[in-house]
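Heads up: numbering here begins at 1 and tracks the sequence.
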Amino acid sequence: MKIKAAILAVSAAALLAACSPAADKSATPAADAASTAPVALKAPAGVYVMDPTHASLQWSIPHNTISNYTARFNKFDAKITLDPANLANSTVEVSIDPTSVDANYPGDYTGTHAGSGFKSWSEDIARNKNFLNAGAFPQITFKSTQVELTGPRTAKVTGDLTFLGVTKPVTLDATFGGEIEKHPFMQVPTLGFAAEGKFKRSDFGMPVGPVGDEATIRFDGEFLQQVAPAAAAAPAA
């Protein structure tokens, strides 16, 4: 009897499954496409330059395996060439002045590092041959080679990072913050983006000591549409 009951139960379950309405799978591709479709930008195509008063560039590295040491650059520039019709065709260029590193070191550097030859911890990081070595390499650059959309407001931006005289590909995770049709003061279209990525310092020839090898970089900023200067008035005949 138990065997018959089990057979009847299985048969009933199969019959119910067969009679149940089939799941509508036709909507799934459309839903997936909608979830990954990029935000429709109102901003016109063109070149957008970074607003230095609304931008920050930080980096951090593991320190003695117990925390992350964080500093920033105060002088850097970035430019986006935007193609709103096909965002994958857009490009990004960044240049950084390594002498502008700001370590925000509150201690008595000259007292604790009397033999270093530098006046501050920021100068030590900027000019020390074991760190940024700005005397030999006065510029750090990043130039995108590929933009891959990963969501309606996100993308992976891969590019060539040139650091300490070495150029290697690095991928950043970028997020679109928003846009306004007219900046309240500059009266031009304005965009906001954030980007974050990681790379190994040893890949660029930097010695690894008590601090970790993996560096994390983080950018947040606004970009103003670059408007060509008005043509000079034609001289009077």
> Members other than Ile180 in its cluster, when Ile, Leu, Val, Met, Phe, Trp, Tyr link by side-chain heavy atoms under 4.5 Å?
Replying inline: none

> Using a side-chain heavy atom cutoff under 4.5 Å and only I, L, V, M, F, W and Y, what cluster partners does Val208 have?
Replying inline: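 Reading the cluster by chain and number, Val208 sits alone, since nothing else belongs.
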
> What residues, two or more places apart in sequence or in another chain, satisfy side-chain hydrogen bond (donor to acceptor under 3.5 Å, both in side chains) together with Ser90?
Replying inline: none

Please list every donor-acceptor pair under 3.5 Å in which a side-chain atom of residues 71-84 meets a protein atom from a residue at least two apart or in another chain.
| from | atom 1 | to | atom 2 | distance (Å) |
| --- | --- | --- | --- | --- |
| Arg72 | NE | Asn74 | OD1 | 3.2 |
| Asn74 | ND2 | Asp102 | OD2 | 3.4 |
| Asp83 | OD1 | Ala85 | N | 3.2 |
| Asp83 | OD1 | Asn86 | N | 3.3 |

> Looking at residues at least two apart in the chain, or sitting in another chain, which of them share a side-chain hydrogen bond (donor to acceptor under 3.5 Å, both in side chains) with Asn104?
Replying inline: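 side-chain hydrogen bond (donor to acceptor under 3.5 Å, both in side chains) list for Asn104, sorted by chain: empty.
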
> Under 4.5 Å between any side-chain heavy atoms of Leu87 and Val147, yes or no?
Replying inline: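 No - every pair of side-chain heavy atoms lies 4.5 Å or more apart.
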
> Sequence neighbours excluded, which residues qualify as side-chain hydrogen bond (donor to acceptor under 3.5 Å, both in side chains) partners of Thr175?
Replying inline: none

> Are Ile61 and Phe131 grouped together when hydrophobic residues (ILVMFWY) are joined by side-chain heavy atoms under 4.5 angstrom apart?
Replying inline: yes

With a cut-off of 3.5 Å and sequence neighbours excluded, list every side-chain donor-acceptor pair involving residues 186-200.
| from | atom 1 | to | atom 2 | distance (Å) |
| --- | --- | --- | --- | --- |
| Gln187 | NE2 | His183 | O | 3.3 |
| Gln187 | NE2 | Pro184 | O | 3.1 |
| Thr190 | OG1 | Val188 | O | 3.1 |
| Glu196 | OE1 | Arg218 | NH1 | 3.4 |
| Lys198 | NZ | Thr216 | OG1 | 3.0 |

>> Students often mix this up, so state it plainly: with edges at 30° and 60°, are the rings of Tyr109 and Tyr105 parallel, tilted or perpendicular?
In response: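 Ring orientation, 0 to 90° scale: perpendicular.
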
> Which pairs, with at least one residue in residues 61-71 and sequence neighbours excluded, count as a side chain to side chain donor-acceptor pair (under 3.5 Å)?
Replying inline: Tyr69-Trp121

>> If you compare all heavy atoms of Leu41 against all heavy atoms of Phe176, which two are closest, and at what distance to 0.1 Å?
In response: CD2-CZ, 3.3 Å

> Partners of Thr167 by side-chain hydrogen bond (donor to acceptor under 3.5 Å, both in side chains), sequence neighbours excluded?
Replying inline: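 Listed in chain order: Thr162.
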
> If every non-hydrogen atom of Phe219 is compared with every non-hydrogen atom of Ala55, which pair is closest and at what distance?
Replying inline: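 So the two residues come closest at CE1-CB, 4.2 Å.
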
> Should Val157 and Thr171 be marked as a side chain to side chain contact (heavy atoms under 4.5 Å, CB included) after you check the CA-CA gap, both sets of side-chain angles, and the distance that decides it?
Replying inline: CA-CA 6 Å; Val157 181; Thr171 298; over 6 Å; no

>> I need the Leu57 CG to Ile140 CD1 distance, nearest 0.5 Å.
In response: 8.5 Å

> Tell me the side chain to side chain donor-acceptor pair (under 3.5 Å) pairs involving residues 128-149, sequence neighbours left out?
Replying inline: Asp124-Asn128

>> For a 4.5 angstrom cut-off between non-hydrogen side-chain atoms, does Arg127 reach Phe118?
In response: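 Of all side-chain heavy-atom pairs linking Phe118 with Arg127, at least one is under 4.5 Å.
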
>> Using every non-hydrogen atom in the two residues, find where Phe204 and Leu161 come nearest and quote the distance to one decimal.
In response: CE2-O, 3.4 Å

>> Applying salt bridge (charged side-chain N to carboxylate O under 4.0 Å, His left out) as the test, list every pair that has at least one member in residues 162-175; sequence neighbours left out.
In response: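 Those involving residues 162-175 are Lys156-Asp173.
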
> Which heavy atom in Arg201 sits nearest to a heavy atom in Gly212, and how many Å separate them?
Replying inline: NH2-O, 2.8 Å

> Quick one: side chain to side chain donor-acceptor pair (under 3.5 Å) pairs with a partner in residues 41-56, sequence neighbours left out?
Replying inline: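 Side chain to side chain donor-acceptor pair (under 3.5 Å) check on residues 41-56 returns Asp51-Thr53, Asp51-His54.
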
>> Under 4.5 Å between side-chain heavy atoms, counting indirect links through other Ile/Leu/Val/Met/Phe/Trp/Tyr residues: same cluster for Val49 and Val92 or not?
In response: no

> Between Phe163 and Leu132, is a side chain to side chain contact (heavy atoms under 4.5 Å, CB included) present by the stated rule, with each step listed?
Replying inline: CA-CA 8 Å; Phe163 177 46; Leu132 300 182; 3.7 Å; yes

